[in-house]
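As the structure is a prediction and not an experimental result, all values here were calculated from the model. All values below were derived from every heavy atom in this structure, side-chain atoms included, with hydrogens, water molecules and symmetry-related copies excluded.
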Amino acid sequence: MGDIRIKIGESFRSVQRGTKLVDLFDKESYDVMTKDTVVAAITDGKLRELGFKLKNDTEVKPITVSSVIGFDMYKRSLLLLLFKALHDVIGEENYTTNIQFTVGKGYFGKLTSDTVKVTDELLKKVKARMDEIVKADLPIVKKTMLTQDAMEYFARHDIPLKAELLKYRRSASINIYAIEDHIDYFYGFMLPSTGLLQKFDLIRYDDGFILVIPIRKEFSIDFTYEVPKKLYSVLKQSEEWGRMQGIRTVSELNDLIVSGNQNNLILVQEAIMEKQIADIAERILEDGKKIVLIAGPSSSGKTTFSRRLSIELIAHGLKPHPISLDNYFLERVETPKDENGKYDFESLAAMDLKLFNEHMSRLLKGETVEIPRFDFTVGEKKYVGDYMTLGDDDVLVAEGIHALNPLMTESLPDESKFKVYISALTQLNIDEHNRVSTTDGRLLRRIVRDARTRGNDAKRTISMWESVRHGEENNIFPFQEEADVMFNSALIYELAAIKQYAEPLLFNVPTDSEEYYEAKRLLKFLDYFLGMDISLVPQNSLLREFIGGGCFDV
């Protein structure tokens, strides 16, 4: 067959034509998986699975399991392993497995069956079977199937939501994956064999189970994993609301759009959100709180939420005063730097904690304080006559990434503080086995908003996303359980609305850029959704913070 010339990094080598990508890498690295284990590669400008056979001279760019792309492949493959093991243990009983949402470092799922119950004993057997399959290193086989044939297959095997999803696929054929005789459909590439799926855990929780996944950066498993109970509660509530409205999956949302009845869904969703905000305002009034602290990850809708909460506080007879924690940065010369020598603005050490606590303490005592404004162009606080005094009906509404960190308000009495964690916790599933990622929802929001308000293209937003996520992992997520209340800002219809804005931006990402592969993945994801009439979205909707046309200046 002849030899071809391959470039990997700065090295060149000759290999036989038809060599698989997996054969280019150290086989010992697959015996014990580490964060540097290669699980895919880019050749000829395309993302390839390790089973791909090389045909021409090319450059090979390895993708490791700790990369965003590689880790997504690992998680998808781990889910397929779980479903295979469940099938082997339970047998042909009439049951369905539903992966409902991500909670911390794990997937929460349930079994729907009249005869099979989730017990510690069942999960022990399933975990043991998963371990056996990993040890056996069975191939994960990709097969191409006609879309219509796949729909009929999944309908016959009691996976109806997956069959319904494929009804809206435009392509005549799809790729499905199999471990032995167990077939499933996932959007995205998979690992080549089960032997790579070495790190996971399976535990019982509430009325279901949690498949614990590794921590991406270190690619290590946390066997002391504790379920974030407040987050789990709000996720379960959101899932129940979706079920009550008959919108659990993308196909059910598409059905509603096709029927022309999306206006009622939008109004119900907005009414639910309005009631939640009103309930929070009621609690603040009843508890006599003087400082409301709001934090959440990027693109959660913190600005619109703060505005709408302020309106509700006014309606309850209170006088809200917004304060941005960004005004309490240290002067630039005092700002710490990260390991690369760049200013670390996301670190708590970049905040003037002493001044903020002093000002808030004085306000709580009834004193008058001049609130600074931080001038980011010169890196200094300026005082321009923003004096504030808190009366009996006044409430401070402070927003910032460190708002829930106890050190941010350590000198303030707990009885004066009300903490709100806000995030877009997507309650929609693609089908029984494929989640709509909360992170994807927020990234799409940010892509659209950045293009509209900052002039950033999708390539730039995607390139910054890893750094944004790193800051969230360090400064926001560890303190989410500190909140008095969690607010879910995700709207069940929003991806059908945001699709029209995001797709042109994603198509504009250059094919020769590193960000292209993420843009392509997001485009494939959005292809599951039908678009909807944007004019139906109310002007005060939180979604307007991202797509524009709202009544708030954000």
* Asked: Got L495 and F525 here, is their nearest side-chain heavy-atom distance under 4.5 Å?
  -> yes

* Asked: Should the heavy atoms of other residues, nucleotides or ligands under 6.0 Å from NZ of K46 be counted, would the total exceed 12?
  -> no

* Taking all atoms of both residues into account, what is the closest heavy-atom pair of S423 and S300, and its distance? -> CA-OG, 3.4 Å

* To do: Determine whether V250 and D431 make a side-chain contact, defined as any pair of heavy atoms from C-beta on separated by less than 4.5 Å.
  => no

* Asked: Taking side chain as C-beta onward, heavy atoms only, is R521 less than 4.5 Å from D440?
  -> yes

* Asked: How far apart are the closest heavy atoms of V103 and F108, and which atoms are they?
  -> CG1-CB, 4.1 Å

* Run the salt-bridge test on K75 and D72 with the 4.0 Å N-O cut-off and return the result as yes or no. => yes

* Asked: Will you find, in the side chains of S251 and E164, an N or O donor that is under 3.5 Å from an N or O acceptor?
  -> no

* Going through the checks in order, is the side chain to side chain contact (heavy atoms under 4.5 Å, CB included) test met by I99 and N429? -> CA-CA 8 Å; I99 300 299; N429 291 338; over 6 Å; no

* Asked: Roughly how far apart are I476 CD1 and I422 CD1, rounded to 0.5 Å?
  -> 11.5 Å

* **Reported CD1-to-CG distance for the pair I6 and D57, which is rounded to 0.5 angstrom** => 6.5 Å

* Using the ring-ring contact (aromatic ring centres under 6.0 Å, His included) rule, collect all pairs that involve residues 191-217, keeping only residues at least two apart or in two chains. => Y205-Y232

* Asked: Given side chains that start at C-beta, do those of L211 and M130 come closer than 4.5 Å, heavy atoms only?
  -> yes

* Any pair with a residue in residues 100-116 that passes salt bridge (Lys or Arg N to Asp or Glu O under 4.0 Å), sequence neighbours left out, goes on the list, sorted by first then second residue, please. => K105-E473, K110-D207

* Structure fact -> Of all heavy-atom pairs linking S437 and T426, the shortest is O-OG1, 4.1 Å

* Give a yes-or-no answer on whether the side chains of S463 and E515 include a donor-acceptor pair shorter than 3.5 Å. => no

* Structure fact -> Between the NZ atom in K302 and the OH atom in Y421, the distance rounded to the nearest 0.5 Å is 9.5 Å

* Compare every heavy atom of V38 with every heavy atom of P62, then report the nearest pair and how far apart it is. => CB-CG2, 3.8 Å

* **Gap separating the CD1 atom of I547 from the NZ atom of K499, nearest 0.5 angstrom** => 15.0 Å

* Between T147 and R169, is any side-chain donor less than 3.5 angstrom from a side-chain acceptor? -> no

* To do: May I ask you to test the R442-R469 pair for a side-chain heavy-atom distance under 4.5 Å?
  => yes

* **Straight-line distance of R17 CZ to K53 NZ, nearest 0.5 Å** => 13.5 Å

* Asked: Should L21 and L54 count as side-chain neighbours, where that means a heavy-atom distance under 4.5 Å?
  -> yes

* Asked: Would T461 and D450 count as a side chain to side chain donor-acceptor pair (under 3.5 Å) if you check the C-alpha gap in whole Å, the side-chain angles of each, and the deciding distance to 0.1 Å?
  -> CA-CA 7 Å; T461 301; D450 280 4; 3.1 Å; yes

* Structure fact -> Contacts of F189 meeting ring-ring contact (aromatic ring centres under 6.0 Å, His included) (sequence neighbours excluded), chain-then-number -> none

* To do: Determine, step by step, whether M33 and V39 satisfy the side chain to side chain contact (heavy atoms under 4.5 Å, CB included) criterion, reporting the C-alpha distance in whole Å, the side-chain angles of both residues, the deciding distance to 0.1 Å, and the verdict.
  => CA-CA 10 Å; M33 293 282 285; V39 293; 4.3 Å; yes

* In this structure, which one of F83, Y177, Y185 forms a ring pair (Phe, Tyr, Trp, His ring centres under 6.0 Å) with H433? -> F83

* State, yes or no, whether a side-chain contact exists between S299 and L443 at a heavy-atom distance under 4.5 Å. => no

* Quick one: CZ on F546 to CZ on R446, what's the gap to the nearest 0.5 Å? -> 10.0 Å

* **Heavy-atom closest pair, residues T438 and A424** => CG2-O, 2.8 Å

* Could you give all pairs that pass the ring-ring contact (aromatic ring centres under 6.0 Å, His included) test and reach residues 25-68, with sequence neighbours left out? -> none

* Contacts of type salt bridge (charged side-chain N to carboxylate O under 4.0 Å, His left out), residue R248, not counting sequence neighbours -> E252

* Asked: Side chains of S489 and R445: closer than 4.5 Å at any heavy-atom pair?
  -> yes

* Non-neighbouring partners of H157 that pass ring-ring contact (aromatic ring centres under 6.0 Å, His included), sequence neighbours left out -> Y153

* **Under 3.5 Å: donor-acceptor pair, side chain of S467, backbone of M464** => no

* In sequence, state the C-alpha distance, the side-chain angles, and the governing distance for E432 and T97, and then conclude on side chain to side chain contact (heavy atoms under 4.5 Å, CB included). => CA-CA 7 Å; E432 296 96 331; T97 310; over 6 Å; no

* Asked: side chain to side chain contact (heavy atoms under 4.5 Å, CB included) with Y501: which of I447, I534, L444?
  -> I534

* According to the ring-ring contact (aromatic ring centres under 6.0 Å, His included) rule, which pairs have a member within residues 54-80, sequence neighbours left out? -> Y74-F219

* **Worked check of side chain to side chain contact (heavy atoms under 4.5 Å, CB included) between Q245 and Q269** => CA-CA 9 Å; Q245 294 176 76; Q269 277 281 286; 3.2 Å; yes

* Asked: Partners of N488 by side chain to side chain contact (heavy atoms under 4.5 Å, CB included), sequence neighbours excluded?
  -> V234, S238, L425, Q427, A490

* Not counting sequence neighbours, list each pair that qualifies as a side-chain hydrogen bond (donor to acceptor under 3.5 Å, both in side chains) and has a residue in residues 212-221. => R216-E466, K217-E466

* Structure fact -> Here the salt bridge (Lys or Arg N to Asp or Glu O under 4.0 Å) pairs for residues 121-148, sequence neighbours left out, are E49-K142, D88-R129, E121-K125, K127-D131, R129-E132

* Ring-face cation contact, F186 with K162, 6.0 Å cut, 45° max -> yes

* Would you say the side chains of D44 and T58 form a donor-acceptor pair under 3.5 Å? -> yes

* **Charged N-O contact under 4.0 Å between R204 and D120** => yes

* State which residues pass side chain to side chain donor-acceptor pair (under 3.5 Å) with N264; sequence neighbours excluded, sorted by chain then number. => none

* Counting only heavy atoms not in K236, do more than 12 fall under 6.0 Å of its NZ? -> yes

* Asked: Minimum heavy-atom separation for S541 to T304, with atom names?
  -> O-CG2, 4.3 Å

* **Carboxylate-amine/guanidinium proximity below 4.0 Å for K229 and E481** => no

* Sequence-distant partners of Y528, ring-ring contact (aromatic ring centres under 6.0 Å, His included), two or more places apart -> Y187

* Asked: Is the number of heavy atoms from other residues, nucleotides or ligands within 6.0 Å of NZ (K61) greater than 12?
  -> no

